[in-house]
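These notes are about the structure you will find just below.
The figures here come from the full heavy-atom set of this structure, side chains too, leaving out hydrogens, waters and symmetry mates. Here, residue 1 is the first one in the sequence, and each next residue gets the next number.
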Amino acid sequence: MNVLTAENLTKSYGEKILFADISFGIDDGEKIGIIGVNGTGKSTLLKILVGIEWPDQGKVTKGNCVSLEYLPQNPEFEDGATVLQQVFKGNSPVMSLLRKYEMALERLNDDSEHPKFQQDLIALGQQMDELDAWQLENEAKAILTKLGISKFDTLIGTLSGGQRKRVALASALINPTDILILDEPTNHIDNDTVDWLEQYLNKRKGALIMITHDRYFLDRVVSRVLELDQGKLYPYPGNYSRFLELKAEREEQVEATERKRQNLFRNELAWMRRGAKARTTKQKARIERFEKLQADKPTEYLDRVELPAGSSRLGKKILECTHIQKGFSNRGVVIKDFNYILLRNDRIGIIGPNGSGKSTLLNLIAGRLTPDSGSIELGSTVNMGYFTQENTYFNPDIRVIDEIKAVAEVIPTSDGGFLTASQMLERFLFPPAAQWTQIGKLSGGEKRRLYLLRILMGTPNVLLLDEPTNDLDIQTLTILEGYLDEFPGAVIAVSHDRYFLDRVTDKIFSFEGEGAIRSYVGNYSDYREQLYAAEQEAMQAANLDSLSRAYLTTNVQALKAEPEKKKERPLKMTFKEQQDYEQIEAQIAQAEEELEKNNRHMNDMGSDFEKLTELVGIQQGLEKNLDDLLERWTYLNELAERIAQNKG
């Protein structure tokens, strides 16, 4: 069933046309990925679907009962709100109630003896029961925990930019909705969390439409790809891998059509040069056809242009880290006794949870931070290029070409040639017309692309890349990956993009807690295989140990039982068994009552996540105790029956 339809949408900013006359529909349960070069209007298209912006022409139609939930690239926050209050920002009755409940709980925590606050909380708790809102609250807390946010009463204003984005993502995921619209959901979350988000979205019911540059994520989640290219929208059924196949076929068809056009154009051009006489209707039609052939040029695919890598000379000594240690008062030690000698052709990927110290390591190498102990020595020929997560400031009035020329007019390439600033801009998807645009008119993604190019124009021989895939489109990432293939120097990259790590790296540094950094040979997939193999080996060792203990126990019991068999004593219960047999049913009833009582406590403590966690642990213990009692009851009853049979 179709839940949303976009018809003949056109949108432009000034002279720049983002897209013209595009149409598509979204079916219930469909998962769609939108891709395209930064600046082509992907985020604007999502805003039009949501109703935040309006098209110049066309319309968006959705059912009256169809609900939307939207995660923008730059969400708005209330700095005075807590994490949970921000998550429950929706306008539905349940979200409004949850927000009121959290505010009432906060007031009561400040003044626990206030009678009105107590009454308010009780009344809101009853409403929570009526709307069955406890489950939604628990799910919100579970999602926040998965996203690395565990302190739910923290004020939004005290969180980092990445933490805020994860809170906004949790808010979008928790709201019940028919269409979920996400703009770059994988930015600012680590690799394990991206894995979890994949699984969550695959299980989620309802339609999904999102912008992401994470190619593995696209491959594993979406069922249709929409590509915005040169103002047109191209639909492709299937995931990202299928999109690549179909796009290659489309481009081959375009190239074949272009070859035919050029052949026909040459024939018509020769006829025109012989002197066309526009006297007859037939000749006029032929002249018009010539003019149409002349104007009808195909789309240029700039992302397929090769980018020869250039760098300055790199000596034998590059970088030596010796017993590096770094910590912070609010985080403790994040890097402990780190040692490494960087090699000329190293391709290192750095992974780990958010806040574990990945960017800190790059800042130490770049000289922006000083280690608490240990030393970092750079070779005299090192020319370091550092692509940080934060854009450096651009003068919005400067033109794109002037910004790049300020770094270098030309750069040498690995093949002995040179590239001008304009040629480099073209290879980074800034066509000649766009090179004279003021930087202030660029999109956020285009500024990131310009920032990357400015670093490469400095011809570095050691590259530090901190989350290079954030806000860079797939075409730019493809160009960067091709550049790094030919780059005659060392590369160290922090990234959560598994495709990028597989494509570029041959060594992984994994932050594994308490400042420990472990090195793995191979790319990200190799690293995961090594982890899996280690886990399987540990499980097998544990199973063998368990089997050995069971074997020894069984044989010892058999040896102990052997003399008893020889004596052929009559079958009867021991004193302890007889005592248990008389009391076991009462014990089972008491255990069942305690379990029911704990379940009631869990329902009452839905708002206290820490207490709820404690009660879940108690419940598991009670269930284990009940299972043990039932198993003992079964044994004693069977023993009693055998004794009765022997007596008979």
Side-chain angles (χ1 to χ4, degrees), residues 16 18 35-43 213 215 227-230 299-311 385-396 398-415 417-461 463-489 491 493 495 497 499-500 503-504:
K16 183 177 182 180
L18 295 180
I35 64 174
V37 176
N38 285 329
T40 56
K42 302 187 300 296
S43 294
H213 305 141
R215 287 155 286 186
E227 182 190 22
L228 268 177
D229 186 17
Q230 303 288 321
T299 301
E300 295 181 7
Y301 297 101
L302 297 176
D303 56 311
R304 295 191 295 174
V305 178
E306 293 182 359
L307 181 64
S311 69
Y386 187 11
F387 181 80
T388 64
Q389 287 197 52
E390 300 80 20
N391 284 339
T392 55
Y393 173 75
F394 284 113
N395 185 336
I398 297 294
R399 298 186 185 278
V400 170
I401 185 70
D402 295 329
E403 179 68 31
I404 297 303
K405 282 185 175 181
V407 181
E409 294 273 354
V410 297
I411 63 166
T413 61
S414 56
D415 58 3
F418 290 91
L419 284 174
T420 67
S422 179
Q423 288 172 324
M424 283 291 284
L425 280 166
E426 282 196 63
R427 283 158 171 75
F428 264 76
L429 310 181
F430 288 101
Q435 295 176 16
W436 297 96
T437 302
Q438 291 179 325
I439 294 177
K441 295 181 179 179
L442 299 180
S443 69
E446 287 173 315
K447 289 177 182 176
R448 288 286 285 175
R449 195 192 316 150
L450 184 65
Y451 173 43
L452 175 61
L453 177 56
R454 188 172 69 178
I455 291 168
L456 299 183
M457 287 296 290
T459 61
N461 48 32
L463 268 176
L464 306 182
L465 305 173
D466 194 355
E467 295 292 1
T469 63
N470 281 357
D471 301 317
L472 287 182
D473 54 73
I474 291 174
Q475 288 88 333
T476 304
L477 289 175
T478 303
I479 292 169
L480 175 61
E481 289 158 359
Y483 178 90
L484 295 178
D485 284 342
E486 305 297 327
F487 181 68
V491 178
S495 181
D497 188 317
Y499 188 102
F500 180 83
R503 177 72 173 74
V504 170

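- Looking at Arg449, its side chain does come within 3.5 Å of a backbone N or O of Leu429 through a donor-acceptor pair.
- Closest non-hydrogen pair, Ile439 versus Asn395, comes out as CB-O, 3.9 Å.
- Looking only at side-chain heavy atoms (C-beta outward), Leu450 and Val400 come within less than 4.5 Å of each other.
- Under a 4.0 Å N-O distance rule, the pair Glu446/Lys16 qualifies as a salt bridge.
- Pairing each heavy atom of Glu467 with each of Ser495, the nearest pair is OE1-CA, 3.5 Å.
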Phe500 vs Arg215, side chain to side chain contact (heavy atoms under 4.5 Å, CB included): CA-CA, chis, key distance, verdict: CA-CA 9 Å; Phe500 180 83; Arg215 287 155 286 186; 4.2 Å; yes
Asp473 vs Lys42, test: salt bridge (charged side-chain N to carboxylate O under 4.0 Å, His left out). Steps then yes/no. CA-CA 11 Å; Asp473 54 73; Lys42 302 187 300 296; 5.7 Å; no
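- Using a 4.5 Å cut-off on side-chain heavy atoms (C-beta onward), Val491 and Leu465 make contact.
- Residues forming a side-chain contact (heavy atoms from CB on, under 4.5 Å) with Gln438 (at least two apart in sequence, or on another chain): Arg399, Lys441.
- Between the side chains of Glu409 and Thr420, no donor N or O sits under 3.5 Å from an acceptor N or O.
- Rounded to the nearest 0.5 Å, atoms CG (Leu425) and NZ (Lys405) are 9.5 Å apart.
- With hydrogens and angles disregarded, no donor-acceptor distance shorter than 3.5 Å links the side chain of Thr40 to the backbone of Gly36.
- Listed for the Gln435 side chain is a donor-acceptor partner under 3.5 Å among the backbone atoms of Ser422.
- In this structure, Leu463 and Tyr386 have side chains that are not in contact, with every pair of non-hydrogen atoms separated by 4.5 Å or more.
- The two residues Gln423 and Phe418 make their nearest non-hydrogen contact at OE1-O, 4.0 Å.
- Tyr451 and Thr388 share a side-chain donor-acceptor pair at under 3.5 Å.
- When side chains are defined from C-beta on, Arg448 does not count as touching Leu442, because their heavy atoms never get closer than 4.5 Å.
- In terms of heavy-atom proximity, Asp402 sits nearest to Ile398 at CB-CG2, 4.0 Å.
- Between Asn38 and Ser443, the closest side-chain pair of non-hydrogen atoms falls below 4.5 Å.
- Listed here is the closest heavy atom pair of Pro468 and Phe387: CA-CE2, 3.5 Å.
- With rounding to the nearest 0.5 Å, the separation of CZ in Phe394 from NZ in Lys447 is 8.5 Å.
- Under the 4.5 Å side-chain criterion, counting only non-hydrogen atoms from C-beta, Ile401 is not in contact with Phe430.
- In this structure, CG in Leu419 is found 5.5 Å from CD1 in Ile411, a value given to the nearest 0.5 Å.
- A distance-only check finds a donor-acceptor pair linking the side chain of His213 to the backbone of Leu472 [under 3.5 Å].
- With a 4.5 Å cut-off on side-chain heavy atoms, Thr469 and Leu480 do not count as touching.
- The side-chain heavy atoms of Asn470 and Asp497, taken from C-beta on, include no pair separated by under 4.5 Å.
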What verdict does the side chain to side chain contact (heavy atoms under 4.5 Å, CB included) test give for Leu452 and Phe428, after you've listed the backbone C-alpha separation in whole Å, the side-chain angles of each residue and the deciding distance to 0.1 Å? CA-CA 9 Å; Leu452 175 61; Phe428 264 76; 3.7 Å; yes
Stepwise, does the salt bridge (charged side-chain N to carboxylate O under 4.0 Å, His left out) test hold for Asp485 with Arg503? CA-CA 9 Å; Asp485 284 342; Arg503 177 72 173 74; 2.8 Å; yes
